Amino acid sequence: MYRLYAAACAVCALLAMAPRPATAQTWNDPRTRALVERATARRVQQLADTGLRDFKAIAHGYVTFLAQVGEGLAEPPKVVKADELVNEIFWKAPNLSKQRIVGRRDTLLLPTDINYHRDHLGIVQNNFPAIIRLGDGDEVRDVPHPLSANGLAAYDFAITDSLPLNLPGRTIVLYEVKVRPRDDRQPRIIGAVYIDRDDAQVVRMAFNFTRAAFLDPALEDLFVVIENGLIGGRFWLPRKQEIEIRRGGTWLDFPIRGIIRGRWEIGDYQVNTGLSYGLFQGPEIITAPREVRDTFHFAGRVLDSLPPDVRAVTDAEIRSVQAEARALVRAQALRRPQTLVLSALGVSDFARFDRAEGLALGGGIATRFGRGLDMQLRGRYGIDDRVAKGSATAGWRSPSVGVRAFGLRDYREAGDVQERSRLVNSIAAQEFGADATDPYHVAGVGLGLDAFDVHGLRLRLDATLERQRALRITATPAQGSFPRILPATPLRAVRVSLSAERATTLSFLGTEVRASGELRGSQLTTDDALVPVPTTNVGRAFVSLGIERPIGRNRLVLQTYGGAVGANGTIPPQEQLWFGGPLSAPGYDYHELGALAGVSQRVEWRTPIPVPAIPLGRFGKVPGEATLAPFVQGTFARRALDADVAHPTGVYPSVGVAVMPFFDLLRIQFARGLRNGRWTLNVDVARDFWGAL
């Protein structure tokens with residue numbers, strides 16, 4: 001019966017998290033104050049309640065360290081290290097608690113020497129004491145609990161909803177009570193507590209912290225969700241807990257973030273078993289002796305048992321807490337203070353090499369003025385072309401929309417598919433003349449509108465007025481020579497583009513889907529006497545779709561690129577479609593296939609193979625496993641030039657195989673183009689990390 005009650009209440013507590021229409025909030029009305037004062041007294045009383053003398057339970061959890069990279073940090077974070085733990089939980093009145101780790105295993109997916117704070121390896125007892133501490137006091141310290149003597153004076157409270165729980169023989173009513181700090185410049189929490197109306201016990205807590213609560217300046221957010229279940233028909237004790245900690249850089253505005261996610265489920269309760277006081281001596285969280293841990297055996301692999309949504313950009317529950325916090329306090333109370341910092345979209349913003357610029361050095365600065373206003377300035381100078389480039393952006397953004405005004409004098413890529421990471425391309429171009437870029441010069445101004453979550457899509461609408469012209473090769477590689485550079489047509493352009501991006505998400509049949517696309521219309525005007533129509537209207541569309549499906553320890557990977565362009569006159573080279581390179585058409589030269597319409601489809605099968613393990617000292621060791629990935633690909637191109645006899649309209653097939661060693665961080669790819677193609681070798685970093693390079 002105890003377990004039946006607990007399960008029913010846990011399910012109902014989850015239902016309480018479902019989105020509901022907003023209701024009017026009356027802060028600190030007599031009914032709310034009476035409830036929270038009773039709950040505060042009940043928290044103290046429970047510690048001395050003779051009905052609950054002690055209990056023990058088992059907690060099963062995962063503590064996962066993830067890295068998130070790329071512009072906008074939109075792609076799901078990548079698992080770096082995953083720990084699975086089983087803890088014995090002990091509690092004894094009036095306020096003694098103990099946790100013993102009896103089972104622990106980890107899996108390292110990327111080299112790291114991260115060590116967790118000890119309290120990340122256990123659960124929260126008693127819904128936190130009167131003062132909240134996290135990260136052993138290094139992350140959050142001395143934050144008053146809202147249901148404490150100090151908290152009653154430090155927070156505002158409002159009952160916003162109620163939820164009846166129908167249990168055998170009784171009905172329990174839960175009140176949702178919003179909590180906000182009276183002074184959001186102080187170390188406080190923001191969120192909600194769910195309280196049993198009759199018994200005034202805490203059933204659930206979900207909250208974030210004000211910026212002032214963080215002792216670590218690198219912290220961006222820290223979310224906590226605690227759910228309790230009804231044990232013995234009387235006591236609300238821990239049933240489920242989540243914590244998410246996000247960190248970023250403090251001196252550099254750079255698209256990389258570290259995330260710690262802890263998820264726990266607690267069960268197998270035994271109440272009033274007569275625990276001895278001696279059990280609670282020493283630290284609260286300890287590790288059992290090896291002879292005890294050696295007797296504990298996990299089933300399967302850590303990665304096989306991880307929660308399926310652990311790589312979500314933002315967990316649904318955490319997203320709800322985040323939205324609630326934004327609604328209850330000023331944005332400045334949650335945002336990291338930032339005046340003027342270095343800014344870059346990747347390492348290559350500081351240094352790069354290509355045939356148009358040679359070695360180019362640059363950087364940027366960014367500042368936030370508050371109330372959603374920000375500004376970014378970026379610049380770069382090419383040593384060989386002796387040209388300064390740069391861009392300036394000023395904008396305003398809220399959690400859902402943003403507007404931008406920008407100006408630029410820079411080089412733009414003609415291709416739709418980035419064939420190689422910027423960092424690796426700089427090395428290949430400098431050393432071997434293998435430059436997988438096709439830039440042309442752009443100078444202009446524009447306005448932009450961003451929508452950050454429209455049915456899972458990130459939308460960007462840009463309108464620009466610009467001038468374009470061709471570039472020339474100015475650099476010399478260490479060996480070899482550069483191929484031709486894009487012969488862009490000099491022109492003036494009015495462009496309107498709508499782009500959409502859907503970050504990788506779980507979809508049907510367990511697949512992972514990532515998609516992006518762009519629709520663009522341009523009015524082009526040129527003074528070039530060789531162009532028969534001086535004013536041309538061009539319409540253009542391009543899409544990218546990636547689908548991955550795990551099948552046991554193997555993985556099926558499908559990648560599609562496709563697009564079309566049309567106009568009422570001559571289409572300049574910079575508006576055409578270009579295929580050719582390691583991704584869009586392996587086994588063919590970079591941008592070898594110019595097209596007015598085309599599609600490229602790859603089918604790849606990834607399977608693990610054994611390799612020697614390599615120790616990395618305190619960073620772990622390279623696992624004795626790599627990934628083998630044979631693939632086939634076909635690229636259909638409707639040719640853009642009638643005179644291009646070597647590349648008529650048709651399908652250009654490819655075959656190849658890739659090996660991904662060293663935590664799958666590298667991809668070594670051999671490919672052969674089967675229609676007037678050749679053997680090619682490409683070595684690059686895993687695509688997940690291109691955004692930071």
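In this text the structure is predicted, and so the values were computed from the model without any measurement.
A donor-acceptor contact shorter than 3.5 Å is absent between the side chain of Trp679 and the backbone of Gly673. A donor-acceptor pair is defined here as one N or O able to donate and one able to accept, closer than 3.5 Å; such a pair exists between the side chain of Arg211 and the backbone of Glu220. The backbone N or O of Arg639 lies less than 3.5 Å from a partner atom in the side chain of Thr649, making a donor-acceptor pair. Panel note: side chain Ser544, backbone Ala515; no donor-acceptor pair is recorded below 3.5 Å. Between the side chain of Asp374 and the backbone N or O of Ala394 there is no donor-acceptor pair closer than 3.5 Å. In terms of modelled atom types and a separation under 3.5 Å, the side chain of Ser654 and the main chain of Pro586 share a donor-acceptor contact. No donor-acceptor distance shorter than 3.5 angstrom exists from the side chain of Glu357 to the backbone of Tyr381, with no hydrogens or angles considered. At least one donor-acceptor pair under 3.5 Å links the side chain of Asn568 to the backbone N or O of Asn537. The backbone N or O of Arg606 sits nowhere less than 3.5 Å from a side-chain atom of Thr627 that would complete a donor-acceptor pair. Remark: the backbone N or O of Ser516 is not paired with any side-chain donor or acceptor of Arg502 at under 3.5 angstrom.
One distance of note links CG of Leu519 with CG of Leu498; it measures 6.0 Å at 0.5 Å rounding. The distance from the CZ atom of Phe636 to the CZ atom of Phe579 is 10.0 Å, given to the nearest 0.5 Å. Note that the NZ atom of Lys78 and the CD1 atom of Ile259 stand 14.0 Å from one another [nearest 0.5 Å]. Considering CG of Leu461 and CZ of Arg404, their distance stands at 9.0 Å, rounded to 0.5 Å. Summarising the geometry, atom CG belonging to Asn554 is positioned 10.5 Å from atom CG belonging to Leu628; distances are rounded to the nearest 0.5 Å. Within the model, atoms CG of Leu359 and CG of Asp384 stand 7.5 Å from one another, a figure rounded to the nearest 0.5 Å.
By the salt bridge (charged side-chain N to carboxylate O under 4.0 Å, His left out) test, Arg678 pairs with Asp589, sequence neighbours left out. For Thr476, the side chain to side chain contact (heavy atoms under 4.5 Å, CB included) test picks out no residue, with sequence neighbours left out. Annotation: ring-ring contact (aromatic ring centres under 6.0 Å, His included) contacts of Phe65 (sequence neighbours excluded): none. Taking Phe353 as the reference, nothing meets the ring-ring contact (aromatic ring centres under 6.0 Å, His included) condition, with sequence neighbours excluded. Under the salt bridge (charged side-chain N to carboxylate O under 4.0 Å, His left out) criterion, Arg602 pairs with Glu604, not counting sequence neighbours.
Between Phe631 and Ala671, the shortest heavy-atom distance links the atoms CZ-CB, 4.1 Å. When all heavy atoms of Phe482 and Pro477 are compared, the pair lying nearest together is CE1-CD, 3.3 Å. Between Ala595 and Ala637, the shortest heavy-atom contact is CB-CB, 4.0 Å. Taking both residues in full, the closest heavy atoms of Thr536 and Gly569 are given as CG2-N, 3.8 Å, listed atom of the first, atom of the second, then distance. Asn425 approaches Ala434 most closely through the heavy-atom pair OD1-O, 3.8 Å. Among all heavy-atom pairs drawn from Gly598 and Leu577, the shortest one is N-CD1, 3.8 Å.
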Could you give me the CA-CA distance, side-chain angles and deciding distance for Arg467 and Arg469, then say whether side chain to side chain contact (heavy atoms under 4.5 Å, CB included) is met?
CA-CA 7 Å; Arg467 285 181 174 270; Arg469 63 177 175 83; over 6 Å; no
Given side chain to side chain contact (heavy atoms under 4.5 Å, CB included), test Tyr561 with Leu583 step by step and report yes or no.
CA-CA 9 Å; Tyr561 302 107; Leu583 294 185; 3.9 Å; yes
Apply side chain to side chain contact (heavy atoms under 4.5 Å, CB included) to the pair Asp688 and Asp664, showing each step before the final yes or no.
CA-CA 10 Å; Asp688 289 343; Asp664 285 357; over 6 Å; no
Apply side chain to side chain contact (heavy atoms under 4.5 Å, CB included) to Leu486 and Trp578, showing your working.
CA-CA 11 Å; Leu486 183 81; Trp578 295 98; 3.7 Å; yes
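Using a 4.5 Å heavy-atom cutoff, the side chains of Val685 and Val424 are in contact. Residues Arg246 and Glu244 have side chains in contact (heavy-atom distance under 4.5 Å, counting atoms from C-beta outward). Between Arg378 and Lys389, the closest side-chain pair of non-hydrogen atoms is not below 4.5 Å. The shortest side-chain heavy-atom distance between Tyr411 and Leu471 falls under the 4.5 Å cut-off. Under the 4.5 Å side-chain criterion, counting only non-hydrogen atoms from C-beta, Gln468 is in contact with Arg412. Residues Ile551 and Trp605 are in side-chain contact: their nearest non-hydrogen atoms beyond the backbone lie under 4.5 Å apart. Glu466 has its side chain out of reach of Arg492: every pair of non-hydrogen atoms, C-beta onward, lies at least 4.5 Å apart. Looking only at side-chain heavy atoms (C-beta outward), Leu447 and Thr464 stay at 4.5 Å or farther from each other.
Residues Arg420 and Gln418 have side chains that never bring a donor and an acceptor to within less than 3.5 angstrom of each other. A donor and an acceptor atom, one from each side chain of Thr560 and Gln601, are located under 3.5 Å apart. Asp410 and Ser391 share no side-chain donor-acceptor pair at under 3.5 Å. A donor-acceptor contact closer than 3.5 angstrom is absent between the side chains of Gln574 and Gln576. Between the side chains of Glu419 and Ser584, a donor-acceptor pair is found at a separation under 3.5 Å. Judged purely by distance below 3.5 Å, without hydrogens or angles, the side chains of Asp354 and Thr437 never pair a donor atom with an acceptor atom. In this structure, a donor-acceptor pair under 3.5 Å is present between the side chains of Gln633 and Ser600.
A cation-pi arrangement, defined by a distance under 6.0 Å to the six-membered ring centre and an angle within 45 degrees of its axis, is present between Arg675 and Tyr652.
For Arg555 and Glu548, the salt-bridge test passes: some basic side-chain N is under 4.0 Å from an acidic carboxylate O. Under the 4.0 Å criterion applied to side-chain N and carboxylate O atoms, Glu575 and Arg495 are assigned as salt-bridge partners. We find that Asp684 and Arg667 are not joined by a salt bridge, their nearest charged nitrogen and carboxylate oxygen being 4.0 Å or further apart. For the pair Asp450 and Arg397, the salt-bridge criterion is not met [side-chain N within less than 4.0 Å of a carboxylate O]. Salt bridge Arg520/Asp462: absent, no basic N to carboxylate O contact under 4.0 Å.
Sorted by first then second residue, the salt bridge (Lys or Arg N to Asp or Glu O under 4.0 Å) pairs that include residues 429-448, not counting sequence neighbours, are Arg355-Asp435, Arg355-Asp438, Asp438-Arg484.
Residue-environment remark: CZ (Arg638) stays at or below the threshold of 12 foreign heavy atoms within 6.0 Å.
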